[in-house]
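Within every chain, numbering begins at 1; the chains are lettered A, B, ... in the order of the sequence lines, protein sequences first and strands thereafter.
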Number of protein chains: 2
Amino acid sequence: MAESSAVERDPKAVSSFVEGFAAQLVEAGMARMPSRVFAALLSSDSGAMTSAELGELLQVSPAAVSGAVRYLAQQHMVRREREPGSRRERYRVHSDQWYEALTSRDAVLKRWEHALREGVDSLGAETPAGQRMAETVAFFEFMEGELAQVMERWRAHREELFGQD
Amino acid sequence: MAESSAVERDPKAVSSFVEGFAAQLVEAGMARMPSRVFAALLSSDSGAMTSAELGELLQVSPAAVSGAVRYLAQQHMVRREREPGSRRERYRVHSDQWYEALTSRDAVLKRWEHALREGVDSLGAETPAGQRMAETVAFFEFMEGELAQVMERWRAHREELFGQD
DNA sequence: CCTTAACTTCACAAATTTCTGAAAGAAGCG
DNA sequence: CGCTTCTTTCAGAAATTTGTGAAGTTAAGG
């Protein structure tokens with residue numbers, strides 16, 4: 001029996017997790033294929049898979065994998081790795097990296113801030129609507145600072161729990 | 001000139017903000033119509049509009065407004081208000097409430113946690129994949145606690161900036 | 001208790017999104 | 001330097017999503 005690492009992996013269990021977790025991501029607003037690819041990587045023991053492996057596991061075409069991976073890389077949820085020898089590419093979840101990307105979502109917050117600031121300007125800072133937006137902008141600014149600190153604390157907390165990587 | 005509150009509202013400017021901010025929300029994963037309705041409410045001076053007003057401003061059918069508002073209410077991003085006399089209904093953004101709902105997203109985090117826990121169980125807590133997921137679960141647990149505290153601090157900070165409502 | 005105004009639900013049409021197959025494009029290896 | 005292997009791009013088919021019109025439901029007001 002092919003038992004390269006340590007424990008048996010039941011394909012049924014893996015697939016069940018992949019599809020279940022992907023569904024949650026979809027419900028949270030992520031497109032289907034990136035969700036499935038991401039869940040698949042998360043469920044792999046090495047934390048990395050090749051394009052071919054992903055296509056095989058998820059039963060989709062190389063094109064679909066390509067599109068999903070491009071999206072995930074843009075969002076900093078996976079990292080591309082060229083394997084030195086072969087022209088194969090591997091996609092990897094950096095266990096500590098992906099949830100930082102997922103929660104902070106700096107770019108998104110920044111764009112919201114920007115749009116809201118424009119709203120304050122164009123509607124007038126002294127109007128009730130303008131004031132409401134100004135408050136929201138203040139909230140996002142505050143949040144950005146706090147989030148950075150929370151992530152600091154998380155790293156410390158994580159070392160306590162698991163030891164550093 | 002109909003100037004009931006205080007300042008002139010340029011319809012062009014309002015519409016420009018509404019569509020621009022809605023586009024940002026769409027990009028972050030929210031459906032189009034809820035995004036537009038929400039942006040419209042945010043841009044109104046009173047922070048509340050009737051179904052008819054929304055339909056008029058956004059040029060959509062009552063049915064579309066109804067669907068969008070149902071979604072927003074479920075997400076706690078707007079609150080329904082029955083006007084005592086008329087059978088009209090008003091939809092309101094509670095300026096301090098909506099961004100809390102938007103950023104914490106308790107329900108979403110809880111479901112992710114649940115799905116990941118199932119992953120740990122079904123793949124095995126001792127496998128590398130299981131360990132990676134366990135770490136992620138720990139992260140979400142940590143985050144929940146921290147977020148609550150951050151929101152506390154925000155409320156204090158907000159009073160400093162704007163005075164209590 | 002009937003009328004009327006407002007909101008909701010439902011089935012369908014239109015528009016958008018998503019995935020595939022095929023062809024073109026890189027990059028190692030002989 | 002050409003062959004081979006893997007990845008990306010592109011056009012189109014299929015499926016999903018989105019918004020409308022029309023009928024249905026609820027509740028105020030006469």
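Phosphate contact (OP1/OP2 of D/dC6, side-chain N/O of A/R88, threshold under 4.0 Å): present.
Heavy atoms from other residues, nucleotides or ligands lying under 6.0 Å from NE2 of B/H157 number more than 12. In A/E56, the CD atom is not crowded: 12 or fewer heavy atoms of neighbouring residues, nucleotides or ligands sit closer than 6.0 Å.
Rounding to the nearest 0.5 Å places CZ of A/R36 at 12.5 Å from CG of A/L41. A/R90 CZ to A/R82 CZ: the interatomic distance, rounded to the nearest 0.5 Å, is 15.0 Å. Taking CD from A/E19 and CG from A/L58, the interatomic distance works out to 7.0 Å, rounded to the nearest 0.5 Å.
B/E27 has its CD atom 17 Å from the P atom of C/dT16, to the nearest Å. The separation between A/M33 atom CE and D/dA15 atom P is 14 Å, rounded to whole Å. With rounding to whole Å, B/E53 atom CD is found 15 Å from C/dC7 atom C1'. Put simply, CZ on A/R32 is 15 Å from C1' on C/dT16, counting in whole angstrom units. D/dT5 atom P lies 18 Å from atom CD of A/E89, rounded to whole Å. A/M49 has its CE atom 13 Å from the P atom of D/dT7, to the nearest Å.
In this structure, B/S15 contributes its side chain and B/K12 its backbone to no donor-acceptor pair below 3.5 Å.
Remark on DNA chain D: of its neighbouring residues A/T50 and B/P34, the 5'-side contact belongs to A/T50, judged by nearest-heavy-atom nucleotide.
Here the side chain of A/R87 is nearest to one of C/dC7, D/dT18, C/dA27, namely C/dA27.
Of the residues in residues 59-81 of chain A, those lying under 4.0 Å from DNA chain C by heavy-atom distance are A/Q59, A/V60, A/S61, A/A63, A/A64.
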